[in-house]
Amino acid sequence: MTHLGAKRFLIAAIAAAAAVSAFSSSFNSYFLSVAIDVGVNIILAVSLNLINGHTGQFSLGHAGFMAVGGYTAAVCTLRLSPLIPPELQPALFLFALLAGGLLAAAAGLIVGVPSLRLRGDYLAVVTLGFGEIIRVLLQNSEFVGAASGLKGIAKLTTLGWTFGLAAITVYVIASLVNSTYGRGFIAVNDDEVAASAMGINPTRYKVVAFVIGAFFAGVAGGLYAHHKQFLSPTGFDFMKSIDIVVMVILGGMGRTAGVIIAAVLLTVLPEYLRSSFADVRMIVYALLIIGLMMARPQGLFTLGPRKAKSA
Amino acid sequence: MNATSTLRIPFFLLLACASLTGCGPGGSHSGEILVGEFASLTGKEATFGVSSHEGTQLAIDELNSAGGALGRKFKLLTEDTRSTAGESSTVVNKLIARDGAIAILGEVASSRSLEAAAVCQQAKIPMISPSSTNPQVTETGDYIFRVCFIDPFQGTVMANFARNTLKAKRVAVFTDVKSDYSKGLAKYFKEGFLKSGGGEIVAELDFNGGDKDFKAQLTSIKAAKPEAIFVPCYYTDAALICIQARQLGLNAPLFGGDGWESDQLVKIGAEAVEGNYFSTHYSPDAGSDKGKRFVEAYKKAFNGKVPDAMAALGYDSAMLLADAIRRCGSTDSQKLRDTLAATKDLDAVTGRTTIDSHRDATKSAVILQVKGGSFKYIETINP
Amino acid sequence: MSQFLQQLINGLALGSIYALIALGYTMVYGVLRFINFAHSDVLMLGAFAAYFLNPSIERTFGPQSIPGALLVVLLSALICAALGILIEILAYRPLRNRPKLTVLITAIGVSLFIEYTCQHRSVFRAETRPFPNLFPSRDFQWLGLAVNSNDLVVLAATAVLLTALWFIVQRTKTGTAMRAVAFNPQAAALMGININRVISFTFGLGSALAAIAGILYALKARGIEPLMGVTPGLRAFTAAVLGGIGNLPGAALGGFVLGALETFAGGIPAISNYRDGIAFALLILILLFRPAGLLGKPQTEKV
C-alpha cells in the first residue's frame, strides 16, 4: 500500500461527502436520516473493532462511551451556541464533537485500566457494568435532563459531517493498525505472552486501544445527538452495545472492510424489512443474523487487512 | 489487500446512499386520509404501547364505519418503535416523508414523544401525543398537542387528595427513576403537598421500572412510618409494589396516578391492591355514557380485554384529530394545527377536553379506589 | 437492627433467584466455554409453559395443590430441556469448531428470534399476563421480621439444585464425561466419549434449570411477558462471572452477593436512585481484586 493512495482516498471521500451534503436539502428526509444512521454506525463499529477485533479485548460498554460523547457535545452546543456569532457555529460543532470525543477517551482510559488485570468474560462484565454506571449517572443528573432526556439539541449533523468523520475514523484506525506501532495491537490479540516476550507492552496497547476506540465512539455520539436532536439515558443501554458488537463480529473481527459492510447492512436491513415484512420484520432480521453467521462464520468479507491467526 | 481498498468502501456507500435519497414521498393521495402512528408494539413498554395502539385503531375503525371525514376514509399507518430510543425519529421521518401522513399520533413514553416531536415540528405536521404527560413535550413547538393531563396538574391533584381526603400528615414517595412520568408526578406531588404546610415527606426512595423486587426500599419506607405512600408508576410495577408492601406488613394506603388504571392492577395485585387509590381521567360508574360505550366497543374488538387509561387516551387522540379535520374541512397542516389549537369542550371518552394555549388538554380528574376487585368512584377534581 | 436483619432477608431472597438462574449459565459455560445468550429466553419459555399447562393440571389436581405444582414444574422443565437441545442442534452445533464469539452472535440471534417471535400478536403477544399462584403462599412475621414462603421455596430450590448438579457433575459417569469434554473435547472424543450426546445433555440440563428458575421468578414477579427474562438474565450472568464463571458454587455465591449488594444500596434513601450503578461499581471493585471471580482459579497462561 502506498500511503499517498490512502490519503488521496481520504480526501476524495471527504470531498464527495461535502458535495453530496450540499444537495441534501433536496433529499427525502427519511432516507437522509437513515443514511446518517449508517454513517454513525460505521464510526461506532470501526472504533469498537479496534478494541474488540484488532486488540481482542471483549468490550460490552461501547454505548457508554457513545453516551459520554453525545451528552458532552450536546451540552456544549446548547450552552455555547447563544454566545457565539452565527458564522462560527460550524466551528462550535467541531469543537463540541472533539470535546465529546475527548471526554469519552478519558472514560476509555478509566475502563482501560481494569483491562490490565481482567480477561475475556470478566472484562466483558466490567465494561458492561461501566456502561450501566454511565446510564445510572445520566439518569440522575438533572442538568442533562435526567430521565426526561435532553431536548432541543440543534440539528447540525449533515451527511457531509457524518461521512467525512466516518472516512477519517476509518483512515486513522486503518493507518494505525497498519503502522509499525499498530502491529502491536494485533500481536497482543494473537498472543499476549509472546508479544510481551518480544518487548511489546500489552498493557499500553490495550489502554491505547480503549482510549482511541472510545474517542471515536464519543464523536459518533456527538453526531447522533445532533442528528436525533434528543438524548435519553435509556438509549444507551446494554442492547445498544450489543448491536455494535454484532456489527463487528458479523463483519469479521479485525477486518475493517467487513465491519463497515456489516454496519451498513445491519442499519439498512431493518428499514428495508419494514415495508415488506411489517410486524414480522424483527423475526426475519434475527433469522438473517443467524443465517449470515452460519454461511460466513469467518465474517462477511475477508478481504480487509488481517493476516495473522487463522480463525 | 490494503488500506486503500478499505477506504474505498465508505466512498461507494456514500454514492449508494445518494442514489437512495433521490426518491420522493411515495404517499398515496388517492382519497384516503393518511394518519401516521408510532407506538411501542414490542419491547419493554409494549404492554402500554399495544393498549394505546388498540385504542387508536378502534377509533379509526369507528370513524370509518361512520363514513370517515370530508367524504374520505381514514387510513392508520402504524410503525413500531420497539420501545427503543432513536427509533421514533426514524419512523416518524418515514411516516411523514415517505408515506405522506398528514398528522402523527403517539407515544406513551415522553422520551420517545420528545424525539418525534422535533421531527414533526420541523416538518410542520401536527402531532398529538395520547399519553405523554411531561410538560416539555408540547413545549417543543406549536405543532405538538396532547390529550392527557400534564404532570403538574395530576401531581397537585394527588397532593390535595392526600391532605384533604386521606388526611395524611406523613407521606412517603416511591419513584421510578427510569421514567420521567414517575419523576414528574413525584416532583409536583411533593411541591403541592409541602406548599400548604403541616405535611411532611418522611421517606423518598427510588426504583427502576421493571424491577421485580422492591423489598429493600419498602423496608426503609416502613421504618419511616408513613401514613400513606405515593407510588406514581405504571400498573405492572404498582401491583407488585402493593403485594410486597403487604408482605412486609406495611399497611398504610398506597396511591398513584393514571398509570395505575388497568384491570391488570387487580388481576396481578388481587387482595393486596384493595383499598388503594389512584387518579385517572374517567370512571365508568361516575361518568358519561361515552365512557361506557367505549369500554363495550373495546371489549368486543379485542377479545374481552378491558381497556386501560392508555387505550382510552389512544382512542381520544384519534378522535381529537378527526374532530379538527371535520371542523376545518381540510387536511392542510397549517389549518389543521390552528383548528386543533382551538378545540374547546370536545366530548371525549376521557372527559370534556379543551386545548389550552400550551396545546395541553385541560380536563377534570377523578379519584378511584380499588374495592372488591373493581374501581369505586370517590371524587372529581376540576382543573 | 431489625431493619438490617430484614434487609439481609430481602437480599438473600433476591440473591437466591439470581443464584438459581446463574447456575444454568455457569453450567453451560463450564462445558462449552461460551455465554448462552438465549438462556434468559428459555427461562421465559419455561414460565409460559407453566402458564399454559397449569389450567389443565389444576382441573385434575385441584387449585394450588403441591403435587400439581410439582407436575407443572416437571413438565415445563422437560419441554424446555427439549427446546434447549433443539436450539443447540440447529444453531450452535454447526459452528462448534468456530471461535466462541461466532457462536455468541448466533446466540444473540437466537435470543432475538425467540423474543420477537413470542411478542408477535399471533404467538404470546407483547403484553404482561398475570401469572397464577401455583401453590399456596403465606407470609411469616416474627419479631418484626417478615418473610414470604415463596422466597423460602426459591432458597430451598437453589440449595437442592446446586447439590444435585454438583452430584451429577462430580459423581456420575455422565458428569465425568462432561468434565472431560470441558477439559479437552478432542481428547475426550478419542477416549470414546460421544461429544454430541454430552453437549446435548448439558444443554438439556441447563434449559431445565432455566425453566425451573423462570417459574419461580414468575411466581415472584406475578406477571409474565416475552421479555421477562432479559433483566434477570443479565443480572444472573453478572453473578455467574462474579462467582467465577464455570464454577457451580461460585455462581450461587455470586448470586447472593449481587442480591445483597442491590438490596443494601436500594434500601438507603439518599442513594436508592443509584442502586444499579452502585451494585456494578462494587462488582467491578471485587473483580479488580479477584480477577477470576470470587471462587474462580486464576489461570496463568503457559508459554
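Naming: A, B, ... by sequence-line order, numbering from 1 per chain. Bear in mind that the values here come from a model prediction, so they are computed numbers and not experimental data.
Ranking A:Gln139, A:Arg281, A:Met294 against chain C, the residue ahead of the rest is A:Met294, based on heavy-atom pairs under 4.5 Å. Counting heavy-atom pairs closer than 4.5 Å to chain C, the top residue among A:Ile289, A:Val280, A:Leu118 is A:Leu118. Between chain A and the residues C:Leu288, C:Ile278, C:Leu242, C:Leu283, the largest count of heavy-atom pairs under 4.5 Å involves C:Leu288. For the options C:Val103, C:Val230, C:Thr117, C:Asn273, heavy-atom pairs under 4.5 Å to chain A are most numerous at C:Asn273. Top candidate by heavy-atom pairs under 4.5 Å with chain A, chosen from C:Arg121, C:His120, C:Glu115, is C:His120.
In plain terms, the two heavy atoms of A:Ala286 and C:Gly109 that are nearest each other are CB-O, 3.6 Å. Taking all atoms of both residues into account, the shortest heavy-atom contact from A:Pro297 to C:Leu95 is CB-CD2, 3.8 Å.
Taking CG of C:Leu234 as the reference point, atom CD of A:Glu132 lies at 6.5 Å (rounded to 0.5 Å). The distance from the CD1 atom of A:Ile283 to the SG atom of C:Cys118 is 9.0 Å, given to the nearest 0.5 Å. From C:Tyr116, atom OH reaches atom OH of A:Tyr285 across 9.5 Å, with rounding to the nearest 0.5 Å. Remark: C:Thr231 OG1 to A:Phe238 CZ distance equals 10.5 Å, nearest 0.5 Å.
Of the atoms belonging to C:Leu104, it is side-chain heavy atoms, and not backbone ones, that fall under 4.5 Å from chain A. Proximity to chain C (any heavy atom under 4.5 Å) is restricted, for A:Arg135, to the side chain, taken from C-beta onward. With a 4.5 Å cut-off on non-hydrogen atoms, C:Phe34 does not touch chain A at all. Heavy atoms of C:Ile286 lying under 4.5 Å from chain A are absent altogether. Contact annotation for A:Ile242: only side-chain heavy atoms (C-beta onward) come within less than 4.5 Å of a heavy atom of chain C.
The environment of C:Phe52 atom CZ is dense: over 12 non-hydrogen atoms of other residues, nucleotides or ligands sit within 6.0 angstrom.
Judged by distance alone, with hydrogens and angles left aside, the side-chain atoms of A:Tyr122 form a donor-acceptor pair with the main-chain N or O of C:Ile245 at under 3.5 Å.
Here the rule is side-chain contact (heavy atoms from CB on, under 4.5 Å) with A:Ile290, and of C:Ile108, C:Thr106, C:Leu112 only C:Thr106 fits it.
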Assess the residue pair C:Ile284 and A:Val125 against the criterion (side-chain contact (heavy atoms from CB on, under 4.5 Å)); give the C-alpha distance rounded to whole Å, side-chain angles, the decisive distance to 0.1 Å, and a yes or no. CA-CA 8 Å; C:Ile284 291 173; A:Val125 162; over 6 Å; no

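Proximity of A:Val126 to C:Phe280: side-chain heavy atoms (C-beta onward) are nowhere separated by under 4.5 Å.
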